[in-house]
Amino acid sequence: MRNRQHFLHESRGFTLIELLVVLAILGLLAGLVGPQLIKHLGESKAKAARLQIEELSSSLDMYRLDVGRYPTTDEGLNSLIEAPVMAKVWNGPYLKKKKVPVDPWNNPYHYVAPGQHGKFDLWTLGADNGEGGDGEDADVVSWE
């Protein structure tokens, strides 16, 4: 009988020390893993921006094949979903979703034609929405 009472008394739960040790371990893991996850999230947004720029560039090339030129800076990327006034032959929309995407940081892409680096320049300014930067703040461009 005494063994049964002793067993029931010991199996009621965790001690405060055990709970604090578990919480400390979880805190250490979160401190080590959290920054790595945030870093990879930033990298994945930059990769998504590169892929969107490649898709937009391909759509601009298809536009050029039909119309004979790239959209002007004033016509912009909207020419990929709506026929510009000056376009005689337009077989669009050239984007699947029929809307111009924004970058992964929810900012519009920048487009200039003719560009300084090619027939057109297409870029996003990264997370900080300012020129230059490192990591997630770095610009993602079509000419590199």
Side-chain angles (χ1 to χ4, degrees), residues 4 6-144:
R4 186 171 174 219
H6 183 66
F7 176 75
L8 289 175
H9 180 69
E10 285 186 17
S11 65
R12 287 191 181 159
F14 297 105
T15 66
L16 181 60
I17 298 290
E18 291 169 329
L19 289 174
L20 289 175
V21 168
V22 169
L23 287 174
I25 291 170
L26 289 174
L28 286 171
L29 286 175
L32 295 173
V33 174
Q36 293 299 320
L37 288 176
I38 291 171
K39 176 184 169 190
H40 288 295
L41 178 64
E43 289 173 2
S44 66
K45 284 187 175 186
K47 287 178 186 176
R50 276 188 217 95
L51 290 173
Q52 280 183 327
I53 285 175
E54 287 177 19
E55 180 184 350
L56 287 168
S57 296
S58 295
S59 297
L60 287 164
D61 289 338
M62 290 186 57
Y63 175 96
R64 183 182 155 271
L65 287 173
D66 290 344
V67 178
R69 61 176 177 78
Y70 288 105
T72 64
T73 302
D74 291 335
E75 292 170 337
L77 296 175
N78 281 335
S79 297
L80 299 174
I81 55 172
E82 295 177 10
V85 176
M86 301 300 288
K88 294 177 184 171
V89 179
W90 187 84
N91 294 321
Y94 298 93
L95 298 174
K96 290 179 185 177
K97 295 187 178 180
K98 298 179 183 160
K99 72 176 200 173
V100 178
V102 293
D103 70 14
W105 302 278
N106 229 14
N107 298 311
Y109 283 98
H110 300 273
Y111 172 78
V112 175
Q116 293 179 345
H117 305 280
K119 302 283 184 183
F120 63 86
D121 292 349
L122 182 60
W123 73 97
T124 179
L125 298 174
D128 65 351
N129 203 26
E131 290 188 24
D134 295 321
E136 193 178 357
D137 293 337
D139 300 348
V140 182
V141 299
S142 63
W143 56 87
E144 289 181 355

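Every heavy atom of this structure was used, including side-chain atoms; hydrogens, water molecules and symmetry mates were not. Index from 1, following the sequence.
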Do Leu77 and Pro71 come close enough that some side-chain heavy atom pair is under 4.5 Å?
no
Do side-chain atoms of Trp90 reach the backbone of Ser79 as a donor and acceptor pair under 3.5 angstrom?
yes
Can Thr124 and Val102 be said to form a side chain to side chain contact (heavy atoms under 4.5 Å, CB included), step by step?
CA-CA 9 Å; Thr124 179; Val102 293; over 6 Å; no
Check: Asp128 and Trp105 side chains under 4.5 Å, non-hydrogen atoms
no
Shortest non-hydrogen contact from Val67 to Val89?
CG2-O, 3.2 Å
Can you find a side-chain donor-acceptor pair between Asp61 and Tyr70 that sits under 3.5 Å?
yes
Can you name the closest pair of heavy atoms from Pro104 and Lys45 and give their distance?
CG-O, 3.2 Å
Give a yes or no on whether a salt bridge exists between Arg69 and Glu75, defined as a side-chain N under 4.0 angstrom from a carboxylate O.
yes
So which atom in Val140 and which in Arg50 form the shortest heavy-atom distance, rounded to 0.1 Å?
CG1-CG, 3.4 Å
If you take all heavy atoms of Asn107 and Gly126, which pair is closest and at what distance?
ND2-O, 4.2 Å
Once rounded to the nearest 0.5 Å, what's the spacing between atom CG of Asn129 and atom CG of Asp139?
9.5 Å
Main-chain N/O of Pro108 paired to Asp103 side chain as donor or acceptor, under 3.5 Å
no
Within the 4.5 Å heavy-atom criterion, are Tyr94 and Asp66 side-chain neighbours or not?
yes
Pairwise side-chain contact, Ile53 with Val141, heavy-atom cut-off 4.5 Å (strictly under)
no
Is the count of non-hydrogen atoms from other residues, nucleotides or ligands lying under 6.0 Å from Glu131 atom CD greater than 12?
no
What are the two closest heavy atoms between Ser59 and Leu80, and how far apart are they?
O-CD2, 3.7 Å
Nearest-0.5 Å distance, CG of residue Leu122 to NE2 of residue His110
10.0 Å
Does Gln52 offer a backbone N or O that forms a donor-acceptor pair with the side chain of Tyr109 under 3.5 Å?
no
Mind listing the closest non-hydrogen atom pair of Trp123 and Tyr111 along with its distance?
CZ3-N, 4.4 Å
